[in-house]
Amino acid sequence: MSNYYSLRKKLLLYISLPLLLASIITLSIAFKSAWNEIEEVYDAQLVNYAKVISQLLEHELIEEESNDAFTILGGASSLQHQYEKNLALRVWHNNKLITQTVSAKEFKGFQAPPGFSDQYISDEKWRFFVFLETKNNIKVETSERYSIRYELIAAITAALIIPLIILIPLALFIVWKAINTNFKPIVSISSRMDKRSSNDLSPISYSRLPSEISPLIEAINRLLERISCTLKREKEFTDHAAHQLLTPLAAMKTQAQVMQKRVESLEHKKPENSEDLNYLLQSIDRSAHMVEQLLSLSRLQNNKFPFALFNLSDCLTEVIGGSSKVLEKKNIKLSINIEENVEVLGDSPSISIMITNLLENALKYTPINGFISINLSTNGILSIQDSGPGIAEENHKKVFERFFREKGVSENGSGLGLSIVKWIADAHQLRLSLKNNDSTAGLSVSIFFKTTER
């Protein structure tokens with residue numbers, strides 16, 4: 001399970017949850033407040049209607065002698081409002097119903113108690129108010145369907161919810177954009193660090209950073225400085241030790257060669273003595289080669305390459321010319337296909353070392369009577385193919401590590417040649433490719449240079 005989490009998502013979550021919670025609480029309070037206010041307003045209207053009707057009818061009802069007189073309020077149908085059916089009015093005088101609206105007919109014989117009450121008529125909820133005028137024995141009943149109140153509260157709630165539905169996503173989008181904008185410096189630093197070469201330990205430069213992030217960057221810069229000092233001391237030690245080792249190795253080789261000549265001049269020489277001396281000379285050569293490789297690596301790492309355009313074709317031809325003795329000794333067939341005047345940008349001496357190490361590696365592992373093919377195209381692709389044993393697929397990355405050697409390899413070596421190749425390639429930002437040859441066996445190494453034409 002990954003231990004990583006998105007800081008952007010966390011911030012958005014911590015902002016959005018309180019925002020949503022506050023919106024829900026606000027809507028709940030607004031709904032409750034609006035409902036109470038609607039109840040009060042509509043109840044006040046029922047009371048007001050009842051009192052007004054009572055005052056208007058007071059004198060007329062007192063003079064009315066006929067209990068059979070029955071008037072239905074409502075007027076012309078063309079003047080009726082669409083919500084009129086939701087309101088009802090009934091008036092009694094001396095306990096006799098004397099008038100009512102059309103919508104009150106469905107109440108039939110039902111009478112609500114004095115004051116406010118909620119009643120269900122035909123499975124529909126109504127709000128009633130009954131006003132008693134005891135002096136003239138008048139009872140006025142006003143009522144309305146609850147659906148009026150429901151519609152109003154729904155309209156008010158919708159008026160609150162719809163803006164929130166638009167504003168909350170908009171606010172979250174603005175917050176998300178603001179978070180991304182403020183994280184851009186960090187993303188930029190990460191991108192620049194990814195593109196750095198392994199030998200670039202210079203401090204991270206920045207102009208504007210959040211105060212919460214700057215201590216981390218400063219700590220990384222201090223760490224880079226300590227690593228740089230450690231590597232510098234290591235390189236200095238390697239360089240000094242290599243120089244100190246070369247002198248005794250040269251003296252040992254001279255003494256061994258003198259002893260070999262003395263043994264060969266003896267009349268009764270023993271073959272095993274010559275073999276021992278040959279083995280000693282080979283060991284000294286291997287040690288000297290390893291020291292020279294360490295010196296090369298130390299010098300390369302301590303220097304900054306002055307990049308310039310140079311002729312890669314001539315450089316390659318010169319390196320191949322220095323390998324003629326090994327080619328003749330092992331009777332290796334060499335196939336060369338080098339395009340002329342291929343110019344590349346880089347440091348010519350270090351590129352020469354890289355090609356020399358690749359060619360020496362190919363010569364070392366190519367058997368007697370084998371072949372090596374060297375090709376350089378106009379687009380700057382250099383390939384060196386040999387007929388040696390090749391390298392196992394799983395070791396294609398490991399062979400570039402220092403002192404790594406494949407198991408079962410009989411050829412002598414220091415394990416530094418390909419690591420030097422990789423270091424120079426990285427310093428020049430060149431791509432290296434290893435591929436085993438399926439048909440002819442052996443290894444094919446390709447380097448992709450940046451030419452003036454590409």
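The structure places CH2 of Trp423 at 9.0 Å from NE2 of His428, a figure rounded to the nearest 0.5 Å. Here the CG-CG distance, from Leu167 to Leu172, works out to 11.0 Å after rounding to the nearest 0.5 Å. One distance of note links CD1 of Ile166 with CD1 of Ile162; it measures 7.5 Å at 0.5 Å rounding. The line from CG of Leu312 to CG of Leu376 is 5.0 Å long, rounded to the nearest 0.5 Å. Here CG of Asp43 is found 7.5 Å from CD of Glu144. Values are rounded to the nearest 0.5 Å. Taking CG from Asp426 and CG from Leu432, the interatomic distance works out to 7.5 Å, rounded to the nearest 0.5 Å.
The closest side-chain heavy-atom distance from Leu443 to Asn436 is below 4.5 Å. Leu358 is listed as a side-chain neighbour of Leu418, based on a closest heavy-atom distance under 4.5 Å. Between Ile161 and Leu27, the closest side-chain pair of non-hydrogen atoms falls below 4.5 Å. Counting heavy atoms from C-beta on, the side chains of Ser313 and Asn341 never come closer than 4.5 Å. At least one side-chain heavy atom of Asp347 sits under 4.5 Å from a side-chain heavy atom of Pro349. Looking only at side-chain heavy atoms (C-beta outward), Leu19 and Val175 stay at 4.5 Å or farther from each other.
Contacts of Gln45 classified as side chain to side chain donor-acceptor pair (under 3.5 Å), with partners at least two apart in sequence or in another chain: none. Residues meeting the side chain to side chain contact (heavy atoms under 4.5 Å, CB included) test with Leu334, sequence neighbours left out: Ile320, Leu327, Ile336, Ile372, Ile374. Taking Ser16 as the reference, nothing meets the side chain to side chain donor-acceptor pair (under 3.5 Å) condition, with sequence neighbours excluded.
Counting only residues at least two apart or in different chains, salt bridge (Lys or Arg N to Asp or Glu O under 4.0 Å) contacts with residues 5-21 are absent. The ring-ring contact (aromatic ring centres under 6.0 Å, His included) analysis of residues 7-48, with sequence neighbours excluded, yields the pairs Trp35-Tyr150.
The two residues Phe448 and Ser433 have their closest heavy-atom pair at CE1-CB, 4.1 Å. Listed here is the closest heavy atom pair of Ile168 and Ser23: CD1-OG, 3.3 Å. Shortest non-hydrogen contact noted between Val319 and Ser352 is CG2-OG, 3.6 Å. Here the closest heavy-atom approach between residue Ala88 and residue Phe107 is recorded as CB-CE1, 3.7 Å. Nearest heavy atom pair, residue Pro113 against residue Gln119, reads CD-NE2, 3.9 Å. Ser348 and Cys315 make their closest contact through O-SG, 4.4 Å (heavy atoms, listed as atom of the first residue, atom of the second, distance).
A donor-acceptor contact shorter than 3.5 Å is absent between the side chain of Lys450 and the backbone of Leu345. Not one N or O on the side chain of Ser188 forms a donor-acceptor pair closer than 3.5 Å with the backbone of Lys184. At least one donor-acceptor pair closer than 3.5 Å links the side chain of Thr157 to the backbone N or O of Ile153. Looking at Ser444, its side chain never comes within 3.5 Å of a backbone N or O of Lys435 through a donor-acceptor pair.
Contact check on Glu124 versus Lys85 returns no salt bridge, with no Lys/Arg side-chain nitrogen under 4.0 Å from an Asp/Glu carboxylate oxygen. Using a 4.0 Å cut-off between charged side-chain N and carboxylate O, Lys364 and Asp386 make no salt bridge.
Of the residues Phe116, Tyr49, Phe110, the one that meets the ring-ring contact (aromatic ring centres under 6.0 Å, His included) test with Phe128 is Phe110. The side chain to side chain contact (heavy atoms under 4.5 Å, CB included) test with Ile447 singles out one residue from Leu430, Ile381, Ile351, Ile424, and that residue is Leu430. The only option from Leu363, Thr356, Asn361 that meets the side chain to side chain contact (heavy atoms under 4.5 Å, CB included) definition with Leu359 turns out to be Leu363.
Environment of CD in Glu339: crowded, with over 12 heavy atoms of neighbouring residues, nucleotides or ligands closer than 6.0 Å. Annotation for Lys333: atom NZ does not count as buried by contact number, only 12 or fewer foreign heavy atoms lying within 6.0 Å.
Neither side chain, Asn337 nor Ser335, offers a donor N or O lying under 3.5 Å from an acceptor on the other.
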Contacts under 3.5 angstrom, residues 213-225 side chains, donor-acceptor by atom type, not counting sequence neighbours:
residue	atom	partner	partner atom	Å
Ser214	OG	Ser211	O	3.1
Asn221	OD1	Ile204	N	2.5
Asn221	ND2	Ile204	O	3.2

request  = Give the C-alpha distance, both sets of side-chain angles, the deciding distance and a yes or no for side chain to side chain contact (heavy atoms under 4.5 Å, CB included) between Asn180 and Val187.
outcome  = CA-CA 9 Å; Asn180 282 338; Val187 175; over 6 Å; no
Side chain to side chain contact (heavy atoms under 4.5 Å, CB included) between Val344 and Phe310, intermediate numbers included = CA-CA 6 Å; Val344 298; Phe310 70 95; 3.5 Å; yes
